[in-house]
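All values reported here derive from a predicted model rather than from experimental measurement. Numbers here simply count residues along the sequence, with the first being 1.
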Amino acid sequence: MIKVIPMMKLLTNLPFLLLLACSLHMIHAQTTQDSCSSNTNLANFNGRISFDVSSLNCFSVWTSEDFILRYSQAGPSLWSFVLSTPNTNSYIGMGFSPNGGMVGSSAVVGWVARDGTTSMRRYFLGGQTPSQVLVDQGDLQIVGNTSTIFVDSSRIYMAFQLETDQPRQRLVYSVGDSNNLPPSTPSYRLTQHRSQIAIRINYATGQSSQTKAPYSNLKRAHGILNMMAWGILIPIGAMVARYLKHLDPLWFYVHSSVQSLGFILGLAGVIAGFVLDDRLDATVGKHKGLGISILVLGCLQVLALLVRPSIDAKTRQYWNWYHHSVGRLMIFFAIVNIFYGIHLAKAGTSWNVGYGVVLGIYAITIVILEIKMLRKK
């Protein structure tokens, strides 16, 4: 009887074990339902895809979002594409870009509505605001009756054929925010995407690599120059003038040198911003307005230095009031605009935290030095 009991327990738990095994198999099937190395056979979708899919090349183009692209040249001026993505209850987009950026691209966008119906439309991405994203526009020549979008095993399959001798190699992919409603009639307006990526693909070899956004180096230079100038050097120069006057005349030369360097770097950063605004046609009116205001205040400080009255002049106290007020207002605007610029650039939390730490060090230093000044008085 002792040896029979384990066997009886096993038989008793057999239904549970079978159910567990089936559940694990279903979970595994859902998580590995499509990949270039899996046994996914698009031929099973022949009733849904209207063109030949037997010889498509397959590549994972966006690993973090599990975007899989299949394509092939179906004729002298005919290319077939099938994009497979998880169904995130939002839209998915594939753009063909002339320069690697989203703006200026012609895109194919598909989505699944809340009632389960699927839709797919062309868009021209003329700008960064929803009003500049134009439905049924762009230069993509999609072959009639070949475009289709459907859901299978929690994945979206978006298929279409393009009439072109050679598709653009710079591709832009995006996925919408599931918290927003998908596009709907009559405008089919797209909301801001949750994430996007730009890649460059070699259609002959299938090799792809992530590409930088247009003028990314100029954007970085613009941000770093302005942060270093208006947000770091200028405040340091102001602190030198306030707390190191006992080191006369050294404080004045240090103050003038630091502020001059900050102004020159800041001027270069603002010029870089004007160049970006001209080339990218970005909608950054508030950021631009604050930047111009900061530059004007900086120029006023330079002019004030040229007309600085002597220490014993009666107007010196008014000049001091003006110089200090304009300087503090300029620093305040600069700090606000730096954080706003980080937000516009979607630079990430690390930039906010990094500059926040710098401001924290400034604040602690100012508190300590102010306490020392009060004690001396």
Worked check of side-chain contact (heavy atoms from CB on, under 4.5 Å) between V112 and T117:
CA-CA 6 Å; V112 181; T117 58; over 6 Å; no
Please check if the side chain of S50 supplies one atom and the backbone of N145 the other of a donor-acceptor pair under 3.5 Å.
yes
Side chain to side chain, V109 and I92, heavy atoms closer than 4.5 Å:
no
R114 CZ: over 12 foreign heavy atoms closer than 6.0 Å:
yes
Check this for me: Y253, atom OH, are more than 12 non-hydrogen atoms of other residues, nucleotides or ligands nearer than 6.0 Å?
no
Is the backbone N or O of G231 less than 3.5 Å from a side-chain atom of Y355, with the two atoms forming a donor-acceptor pair by type?
yes
Tell me, please, which residues at least two apart from S80 pass side chain to side chain donor-acceptor pair (under 3.5 Å).
Q161
So V258 and V240, do their side chains get closer than 4.5 Å, heavy atoms only?
no
Test item: side-chain donor near acceptor, W62 and S64, under 3.5 Å
yes
Does some side-chain heavy atom of T164 sit less than 4.5 Å from a side-chain heavy atom of P167?
yes
Less than 4.5 Å apart, side chain to side chain, heavy atoms only: is that true for L297 and L329?
yes
Neighbour count above 12 (heavy atom, 6.0 Å) for R316 CZ:
yes
Who clusters with I364? Use side-chain heavy atoms, under 4.5 angstrom, across I, L, V, M, F, W and Y, and order the result by chain and number.
I368
Under 3.5 Å donor-acceptor, S178 side chain and N89 backbone:
no
Look at the side chain of S97 and the backbone N and O of N99, then say whether any donor-acceptor pair between them is shorter than 3.5 Å.
yes
Identify whether NZ of Lys or CZ of Arg in R168 sits under 6.0 Å from the centre of the six-membered ring of F96 and within 45° of that ring's axis.
no
Side chains of S72 and N57: is there a donor and an acceptor less than 3.5 Å apart?
no
Spell out, yes or no, whether F332 and M228 are grouped together once hydrophobic residues are joined by side-chain heavy atoms under 4.5 Å, including indirect joins.
yes
Value for CH2 (W79) from CZ (F51), rounded to nearest 0.5 Å, stands at 13.5 Å
Are any side-chain N or O atoms of H222 and backbone N or O atoms of G269, one a donor and one an acceptor, separated by less than 3.5 Å?
yes
If you round to the nearest 0.5 Å, how far is NE2 of H324 from OH of Y322?
12.0 Å
So how far is it from L171 CG to I197 CD1, rounded to the nearest 0.5 Å?
11.0 Å
For the atom pair CZ (R70) and CZ (F81), what is the distance rounded to the nearest 0.5 Å?
14.0 Å
Go through it in stages, so that I can follow the logic: the residues are Y173 and L83, the test is side-chain contact (heavy atoms from CB on, under 4.5 Å), and I'd like the CA-CA distance, side-chain angles, deciding distance and then a yes or no.
CA-CA 10 Å; Y173 300 94; L83 180 64; 4.0 Å; yes
Could you point out which residue of P183, S131, S184 forms a side-chain contact (heavy atoms from CB on, under 4.5 Å) with R189?
S131
Quick one: list whatever passes side chain to side chain donor-acceptor pair (under 3.5 Å) with H323, sequence neighbours left out.
Q301
Determine the interplanar angle of the W251 and H255 rings, folded into 0 to 90°, and report it as parallel if under 30°, tilted if 30 to 60°, perpendicular if over 60°.
tilted
Between W319 and P309, is there a donor-acceptor pair closer than 3.5 Å when you use the side chain of the first and the backbone of the second?
no
For the residue pair P182 and Y91, establish whether any side-chain heavy-atom pair is separated by less than 4.5 Å.
no
Between the main-chain N or O of G95 and the side-chain N or O of S105, is there a donor-acceptor pair closer than 3.5 Å?
no
